[in-house]
Amino acid sequence: MSISIKITNASEAEELSKIQKAAFKPLYEKFHDKGNPFLRGSEDILRRLNKFYRHFTILLDGKIVGGIFYRLYGKRSPTDEIGTGEYYLARVYIHPDHQNKGIARKAILLCEKEFPDARFYYVDFPEDMEKNRKCYQSAGYCDTGERTRWSEDAPLLSMFKKTVSETFDPAGVSLPMIYEVEQNELQECLDVIHQSFRTVADQFGLTKENCPKHTSFIPLSFLETQKNLEWKMYALYAGKKIIGYMSLSKESDNVYELHNLAVLPEYRHNGFGKLLLDHAKDVVKASGGYVIKIGIIEESAVLKNWYIQNGFVHIGTKKFDHLPFTSGYLEWKGD
């Protein structure tokens with residue numbers, strides 16, 4: 001029995017909503033509460049497919065058998081906001097034909113590998129649901145003793161909490177998501193840029209003294225200016241943590257320039273750089289463009305070859321007196 005998860009896509013919403021209805025039908029028949037997922041359709045799944053949630057599809061031997069989603073921002077209880085390092089396990093549902101097989105527990109543990117910044121998880125469920133209690137306890141949750149209701153007609157809920165270690169294996173992240181960057185995330189993006197390009201600076205001996213304008217030293221004002229100029233700015237998120245970044249500026253009707261593509265060192269060699277690069281290509285094509293240009297350190301053979309392997313063509317070099325390296329230029333042309 002192979003249990004796996006994947007990021008839910010819109011085409012799965014109808015099938016998942018049917019499974020959700022089947023899974024929550026007994027609970028609705030018991031409590032008849034208006035907030036029960038049994039009363040909702042595919043729109044309930046679709047509205048979770050954004051930056052504020054993570055909705056995963058649960059697969060058993062490659063077949064869809066359920067879903068699970070976490071709330072990243074907003075409320076974790078009627079009175080408490082989700083804080084830094086906190087995640088609210090809002091719902092997990094398994095088709096009745098596959099319940100009581102440990103699938104939900106396994107799915108929960110798989111999801112937690114995708115949240116490197118998590119310190120606390122919260123979940124609630126009707127206090128008399130013993131199967132739910134055993135499931136969450138087996139996944140490491142503990143009863144907080146708190147009892148609450150989300151609405152007057154809803155059942156009384158037990159609140160459970162899981163505390164996780166501050167150590168996290170970055171290799172566990174396999175399903176990061178790309179979203180546009182908000183103004184309040186620019187500092188975190190800058191930290192990612194600095195950390196990512198620091199390895200390049202160290203490799204080529206670049207310092208603030210001999211190369212003050214290198215990407216590893218740019219100030220926050222650079223990103224703020226780019227945001228004000230309406231550059232297309234994207235971050236790669238593992239849960240709420242930003243682990244990668246890139247931006248695009250429009251140079252002409254058909255031509256864009258790619259800037260500061262970066263992945264934190266500990267998350268490299270997982271295909272995440274290509275994920276960002278492919279997204280850049282999709283954005284450019286969707287915007288009516290078909291050319292992407294980029295400038296790199298020419299002496300960085302590994303990076304240059306990586307871009308070439310991903311469809312870019314080397315178009316030339318230039319030496320500037322104020323830079324302690326040769327600037328290299330590459331170009332990608334879409335279909």
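Fair warning: this is a prediction, and the values are worked out from it, not measured in the lab. All heavy atoms count here, side chains included; hydrogens, waters and symmetry mates do not.
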Let me confirm one number: the OG-CG distance from Ser247 to Leu258, rounded to the nearest 0.5 Å. 7.0 Å
Give a yes or no on whether a salt bridge exists between Arg54 and Glu114, defined as a side-chain N under 4.0 angstrom from a carboxylate O. no
What do the steps show when you test Glu12 against Lys6 for side-chain contact (heavy atoms from CB on, under 4.5 Å), and what is the final call? CA-CA 11 Å; Glu12 297 165 341; Lys6 64 184 291 291; 2.7 Å; yes
Between His259 and Ser249, is any pair of side-chain heavy atoms under 4.5 Å apart? yes
Any chance NZ of Lys113 has more than 12 other-residue heavy atoms, nucleotides or ligands included, within less than 6.0 Å? no
Shortest non-hydrogen contact from Ala238 to Val173? CB-CG1, 3.9 Å
Minimum heavy-atom distance between Arg268 and Ser196, given as atom pair plus value: NH2-O, 2.8 Å
Aromatic ring proximity Phe38/Tyr28, centre distance under 6.0 Å: yes
Do you reckon Trp231 sits in the same ILVMFWY cluster as Val291, going by side-chain contacts under 4.5 Å, direct or chained? no
Ring geometry between Phe312 and Trp332 (parallel below 30°, tilted from 30 to 60°, perpendicular above 60°): tilted
Test side-chain contact (heavy atoms from CB on, under 4.5 Å) on Tyr329 and Lys293 and set out the steps. CA-CA 7 Å; Tyr329 301 94; Lys293 293 185 175 182; over 6 Å; no
May I ask you to decide if Ala301's main-chain N or O and Asn305's side chain share a donor-acceptor pair within less than 3.5 Å? yes
NZ/Lys63: more than 12 non-hydrogen atoms of other groups inside 6.0 Å: no
Would you say His194's side chain and Ile218's backbone share a donor-acceptor pair under 3.5 angstrom? yes
Within 45° cone of Trp150 ring axis and under 6.0 Å: Arg91 NZ or CZ: no
Does the side chain of Tyr88 pick up a donor-acceptor pair with the side chain of Asp124 at under 3.5 Å? yes
Sequence-distant partners of Asn270, side chain to side chain contact (heavy atoms under 4.5 Å, CB included), two or more places apart: Phe272
Measuring only between side-chain heavy atoms, which start at C-beta, is Leu206 closer than 4.5 Å to Phe325? yes
For the pair Arg76 (side chain) and Ile82 (backbone), establish whether a donor and an acceptor sit closer than 3.5 Å, ignoring hydrogens and angles. no
How close do Tyr73 and Lys51 get, counting heavy atoms only, and between which atoms? CE1-O, 3.8 Å
Do you know which two heavy atoms are closest between Asp153 and Lys34, and how far apart they sit? OD2-N, 2.8 Å
Once rounded to the nearest 0.5 Å, what's the spacing between atom OG of Ser42 and atom NZ of Lys18? 9.5 Å
Hydrophobic clusters here meaning ILVMFWY residues chained together by side-chain heavy-atom distances under 4.5 Å, can you tell me if Met177 and Leu46 are in one? no
Ignoring hydrogens and angles, state whether a donor on the side chain of Tyr87 or Asp117 is under 3.5 Å from an acceptor on the partner side chain. yes
Is the closest side-chain heavy-atom distance between Phe115 and Val164 below 4.5 Å? no
Taking the six-membered ring for Trp, is the centroid-to-centroid distance between Phe160 and Tyr136 below 6.0 Å? no
Between Ile193 and Phe222, is the side-chain contact (heavy atoms from CB on, under 4.5 Å) condition met? List the steps. CA-CA 12 Å; Ile193 292 170; Phe222 274 41; over 6 Å; no
With a cut-off of 6.0 Å (strictly less than), are more than 12 heavy atoms of other residues, nucleotides or ligands near CD of Glu152? no
With a 4.5 Å heavy-atom cut-off, do Ile308 and Leu330 have their side chains touching? yes
Is it true that, when you exclude Lys101 itself, more than 12 heavy atoms of the residues, nucleotides or ligands shown sit nearer than 6.0 Å to its NZ? yes
So do the side chains of Glu130 and Arg133 get within less than 4.5 Å of each other, counting heavy atoms only? yes
Working to the nearest 0.5 angstrom, can you tell me the gap between Leu223 CG and Tyr245 OH? 5.0 Å
Connected via hydrophobic side-chain network under 4.5 Å: Leu220 and Phe197: yes
Would you say the side-chain atoms of Glu188 pair up with the backbone N or O of Ile242, donor to acceptor, closer than 3.5 Å? yes
Parallel, tilted or perpendicular, as decided by the 30° and 60° cut-offs, for the rings of Phe69 and His55: parallel
Would you check if Phe204 and His214 make a side-chain contact, meaning some heavy-atom pair closer than 4.5 Å? no
Counting C-beta onward and ignoring hydrogens, is there a side-chain heavy-atom pair between Pro155 and Met129 closer than 4.5 Å? no
On the six-membered ring of Tyr53, is Arg48 placed so that its NZ or CZ lies under 6.0 angstrom from the centre and within 45° of the ring axis? yes
Tell me the closest heavy-atom pair linking Glu180 and Tyr234, and the distance in Å. CG-CE2, 3.4 Å
Judged by atom type as modelled, is there a donor-acceptor pair below 3.5 Å linking the side chain of Thr144 to the main-chain atoms of Lys161? no
Looking only at heavy atoms, which two atoms of Leu323 and Cys211 are closest? And how far apart? CD2-SG, 4.0 Å
Under the side-chain hydrogen bond (donor to acceptor under 3.5 Å, both in side chains) test, residues paired with Arg147 that sit two or more places apart: Glu127, Asp143, Ser158
Who passes side-chain hydrogen bond (donor to acceptor under 3.5 Å, both in side chains) against Ser11, sequence neighbours left out? Asn9
So, Glu299 side chain and Thr326 main chain: donor-acceptor pair closer than 3.5 Å or not? yes
Take Lys75 and Glu81 through the test side-chain contact (heavy atoms from CB on, under 4.5 Å) and record every step on the way to the result. CA-CA 4 Å; Lys75 296 281 190 180; Glu81 295 287 332; 3.3 Å; yes
Report the C-alpha distance between Lys30 and Asp128 in whole Å, list the side-chain angles of each, state the deciding distance to 0.1 Å, and finish with yes or no for salt bridge (charged side-chain N to carboxylate O under 4.0 Å, His left out). CA-CA 12 Å; Lys30 181 176 183 179; Asp128 61 346; 2.6 Å; yes
Look only at the side chain of Glu185 and the backbone of Glu182, and say whether a donor-acceptor pair between them is shorter than 3.5 Å. yes
Ile64 reachable from Ile5 in the ILVMFWY side-chain graph, under 4.5 Å edges: yes
Answer with yes or no whether the side chains of Gln187 and Asp191 bring together a donor and an acceptor at under 3.5 Å. yes
Whether Asn210 side chain and Thr207 backbone form a donor-acceptor pair below 3.5 Å: yes
Ser287 side-chain N/O to Gly289 backbone N/O, donor-acceptor pair under 3.5 Å: no
Validate the cation-pi geometry between Lys240 and Tyr70: distance from NZ or CZ to the six-membered ring centre under 6.0 Å, angle to the ring axis within 45°. no
Following the transitive rule for hydrophobic clusters with a side-chain heavy-atom cut-off under 4.5 Å over Ile, Leu, Val, Met, Phe, Trp and Tyr, establish whether Ile108 and Phe24 coincide in one cluster. yes
When rounded to the nearest 0.5 angstrom, what is the spacing between CD1 in Ile3 and CD1 in Ile103? 5.0 Å
Check whether any side-chain heavy atom of Val200 sits under 4.5 Å from a side-chain heavy atom of Ser300, and report yes or no. no
Give a yes or no on whether the backbone of Trp306 and the side-chain of Asn310 come within a donor-acceptor separation of less than 3.5 Å. yes
